[in-house]
Student: 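Just dropping this structure here.
Residue numbering restarts at 1 for every chain, and letters A, B, ... go by the order of the sequence lines.
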2 protein chains.
Amino acid sequence: MKFATLKINSKDGQLVLVSKDHSCFVEINDIASTLQFALDNWSTCQNLLETRYQKLNAGQLEATPFNPELCAAPLPRSWQWLDGSCFLNHGHLMQQAFHLDPIENAEIYPLVYQGAGDSFVGCQDNVVAASVDHGIDFEGEFGVITDNVPMGISADEALNKVRLVVMLNDISYRALGPREMKTGFGFVQAKGSTAFAPIAVTPDELGDDWNNGRVCLPLEVRRNGEWFGAPEGEKMHFGFHQLIAHIAKARALNAGTVIGSGTVSNTEPGKGQACISELRAKELIEHGAPHTDFLTIGEEITMQTINSDGISVFGDIKQTVTVENEHV
Amino acid sequence: MKFATLKINSKDGQLVLVSKDHSCFVEINDIASTLQFALDNWSTCQNLLETRYQKLNAGQLEATPFNPELCAAPLPRSWQWLDGSCFLNHGHLMQQAFHLDPIENAEIYPLVYQGAGDSFVGCQDNVVAASVDHGIDFEGEFGVITDNVPMGISADEALNKVRLVVMLNDISYRALGPREMKTGFGFVQAKGSTAFAPIAVTPDELGDDWNNGRVCLPLEVRRNGEWFGAPEGEKMHFGFHQLIAHIAKARALNAGTVIGSGTVSNTEPGKGQACISELRAKELIEHGAPHTDFLTIGEEITMQTINSDGISVFGDIKQTVTVENEHV
């Protein structure tokens, strides 16, 4: 199934079912008016939703043209948002460029920080930063939205707890991150509101492109229309199931927990990169100094994940950078 | 005003107004059935709530005896939970005991990590840990619940964004924390469900005990009935207003954001401590080895904040340690 959430006068939006080809949607208020409700009541909603989805795709329902511009994030806010750093190439480049000590056992224990899930934004919402001096950067990522997860779950069991797969842009303020990382307490100031592609899909919609808890497709990023990178999701060192098991080691997770992969990153040079800081690190390593700037006001960032049928699986992210105030 | 939330068949519970002397409560479903609703609609609810509260205290309403055993956390879940470490003595002791490098500029920038706000628990709910091997510890803290906070707010302005003051027990797994801190990504596995004292109070209820964004009262902790410490809240290095301004530097906060002080900690030896790890650090420094164990199954931890009138301002926390499974 494919879900989107329309912006309405409620922070949780209105959940709709989107057709397989993304051309149209139907309302499902009679089954589940929000994604959080659907996730909380999956066992009672699932069959009803599946039936509606089949009818929608068979052209048996009166449907409305789908317009991503009207979409909030599929889950506009989450009780828990955690973001990994599961493409180890990204960390290796950062360490090499900035002469940082490697993070111990990063290949054994997934790196993951707790983020703020109170204000996810839609695929065409502006990036609202406080200052261009904060080093505004994007991070193209895949993510999952979970079912209820019991404490101490195994990675194998956790694979069945992935309800939905998403694509997201983790806005990062690079001038604020290093100080926060050095404290050991993780990121607070260094992360903005995360943006989500409009369509959240059940894993079965990905077919073979969902394999071993990974989205095995390239995530293509453009900056002001120019190709910036298209690294492959299958190079994720940990699958999402392993990430879930790691997070749930000492606590249960509630349905609607959102977990990100970390910026998609490949070692192959031809793949480019899904964030500016990684390109800057490469420049620093190769030329002794970075020459690509972070984002400034008015710049546009787009992201999409195209499958072998030519479909933008999650719909596109297309955001413009704004700065709200400069009295910081 | 004094608020509590009763456990009902809804994760957000039922908000009630508690009398000034904590003897009884009245329902306020006609004004705000949950604390999140009240916070989201404070400007329209406030006068109605104040009037109801005055009548309750004047004995003009039919009220029900207040039983903290029936209470959830005042806000049973929050879209955003952040916890500081604003009593610098705690960090100094940890650094001395474990020969850690001091955290740079900790006296200028508040230490704060993003936590999981999806599953706060009530004052008499069990601590549910995954394993006694995780080093189960409590942390007695004060906290605040905010109004909507704009990005880039000043500390002075932030003082007016404190809607409610609370007391909490930040459950921490000391065997899991150091590895996570070393990654720089903050705590994920190392924190359990935070418990809250039953009563959240508006700052005016604290009178002079709320001063400069600090709760100027001792937070008394007992372990299995024995006095463990009663450190003073006024020794907080940063006030909550400064903590809010720090957190909101690059993003807005939504009403209902919960912010903790970090474990209350004083330098004076007679004050004891509000967590086990701090006592162990002192033992390590003085005797070369810690001799106080972390919590084990069946142990009871109580916390209260008594003012000069002899009132337990937030009601008491009284939790028993359990372990859910050992297959971790």
Side-chain angles (χ1 to χ4, degrees), chain A residues 11 40 77-85 100 103-106 109-119 128-131 134 150-152 154 173 176 178-193 246-254 256-257 324-328, chain B residues 11 40 77-85 100 103-106 109 111-119 128-131 134 150-152 154 173 176-193 246-254 256-257 324-328:
Chain A
K11 285 186 176 174
D40 283 338
R77 52 182 180 172
S78 166
W79 299 107
Q80 196 173 173
W81 154 238
L82 302 120
D83 197 11
S85 183
L100 306 173
I103 294 173
E104 275 178 47
N105 294 320
Y109 300 104
L111 287 172
V112 56
Y113 69 88
Q114 191 97 36
D118 64 328
S119 61
V128 183
S131 169
H134 289 172
M151 180 191 286
S154 71
Y173 303 126
L176 303 175
R179 189 194 62 74
E180 292 194 317
M181 264 195 89
K182 275 170 76 178
T183 67
F185 277 59
F187 308 112
V188 173
Q189 295 182 336
K191 295 289 181 178
S193 289
H246 173 83
I247 293 165
K249 179 185 172 82
R251 54 174 157 150
L253 310 180
N254 284 294
T257 296
E324 186 169 278
N325 54 45
E326 286 282 357
H327 67 80
V328 179
Chain B
K11 285 186 177 175
D40 283 337
R77 50 183 180 172
S78 167
W79 299 107
Q80 196 174 171
W81 153 237
L82 302 119
D83 198 10
S85 183
L100 306 172
I103 295 174
E104 274 177 46
N105 293 322
Y109 299 105
L111 288 171
V112 56
Y113 68 89
Q114 192 97 35
D118 65 327
S119 62
V128 183
S131 169
H134 289 172
M151 181 191 285
S154 71
Y173 303 126
L176 303 175
R179 189 194 64 74
E180 292 194 318
M181 264 194 89
K182 275 170 76 177
T183 67
F185 277 59
F187 307 112
V188 173
Q189 295 182 336
K191 295 288 180 179
S193 289
H246 174 85
I247 293 164
K249 179 185 173 82
R251 54 173 156 150
L253 310 180
N254 284 294
T257 296
E324 186 169 278
N325 54 43
E326 287 281 358
H327 67 81
V328 178

Student: In terms of heavy-atom pairs under 4.5 Å, which option from A:A252, A:A116, A:S85 contacts chain B the most?
Tutor: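 Of A:A252, A:A116, A:S85, A:A116 has the most heavy-atom pairs under 4.5 Å with chain B.
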
Student: Heavy-atom pairs under 4.5 Å with chain A are the metric here; pick the option from B:L253, B:L82, B:D40, B:V112 that has the most.
Tutor: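 The answer is B:V112.
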
Student: How long is the straight-line distance from CE of A:M151 back to CD of B:E324, given to the nearest 0.5 Å?
Tutor: 5.0 Å

Student: Assign the ring pair B:Y113 / A:F185 to parallel, tilted or perpendicular, where the plane angle (0 to 90°) is split at 30° and 60°.
Tutor: tilted

Student: State, with a plain yes or no, whether a side-chain heavy atom of B:M181 is found less than 4.5 Å away from one of B:L100.
Tutor: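 In short, these two side chains do not touch, never coming nearer than 4.5 Å.
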
Student: Quick one: of A:G184, A:A106, A:G256, A:G186, who has the most non-hydrogen atom pairs under 4.5 Å with chain B?
Tutor: A:G184

Student: Using a cut-off of under 4.5 Å for heavy-atom pairs, which of B:E180, B:Q80, B:R179 has the most such pairs with chain A?
Tutor: B:R179

Student: Among A:S119, A:G192, A:G115, A:G117, who wins on heavy-atom pairs under 4.5 Å with chain B?
Tutor: A:G115

Student: What part of A:R77 is in contact with chain B, defined as an atom under 4.5 angstrom from a non-hydrogen atom: side chain, backbone, both or neither?
Tutor: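 Both backbone and side chain of A:R77 come within 4.5 Å of chain B.
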
Student: With a 4.5 angstrom heavy-atom cut-off, could you sort out which part of B:K191 is near chain A: side chain, backbone, both or neither?
Tutor: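 Contact with chain A: backbone only.
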
Student: For the CG atom of B:D83 and the CD atom of A:Q114, what is their distance to the nearest 0.5 Å?
Tutor: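 These two atoms lie 12.0 Å from each other.
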
Student: Once you round to the nearest 0.5 Å, how far does CG of A:N105 lie from NZ of B:K182?
Tutor: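 If I round to the nearest 0.5 Å, the distance is 8.5 Å.
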
Student: Heavy-atom distance under 4.5 Å to chain A: side chain of B:S193, backbone, both or neither?
Tutor: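 No part of it gets close to chain A.
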
Student: What I'd like to find out is whether the side chain of B:K249 reaches to under 4.5 Å of the side chain of A:H134, using heavy atoms alone.
Tutor: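 Side chain of B:K249 against side chain of A:H134, heavy atoms only: contact under 4.5 Å found.
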
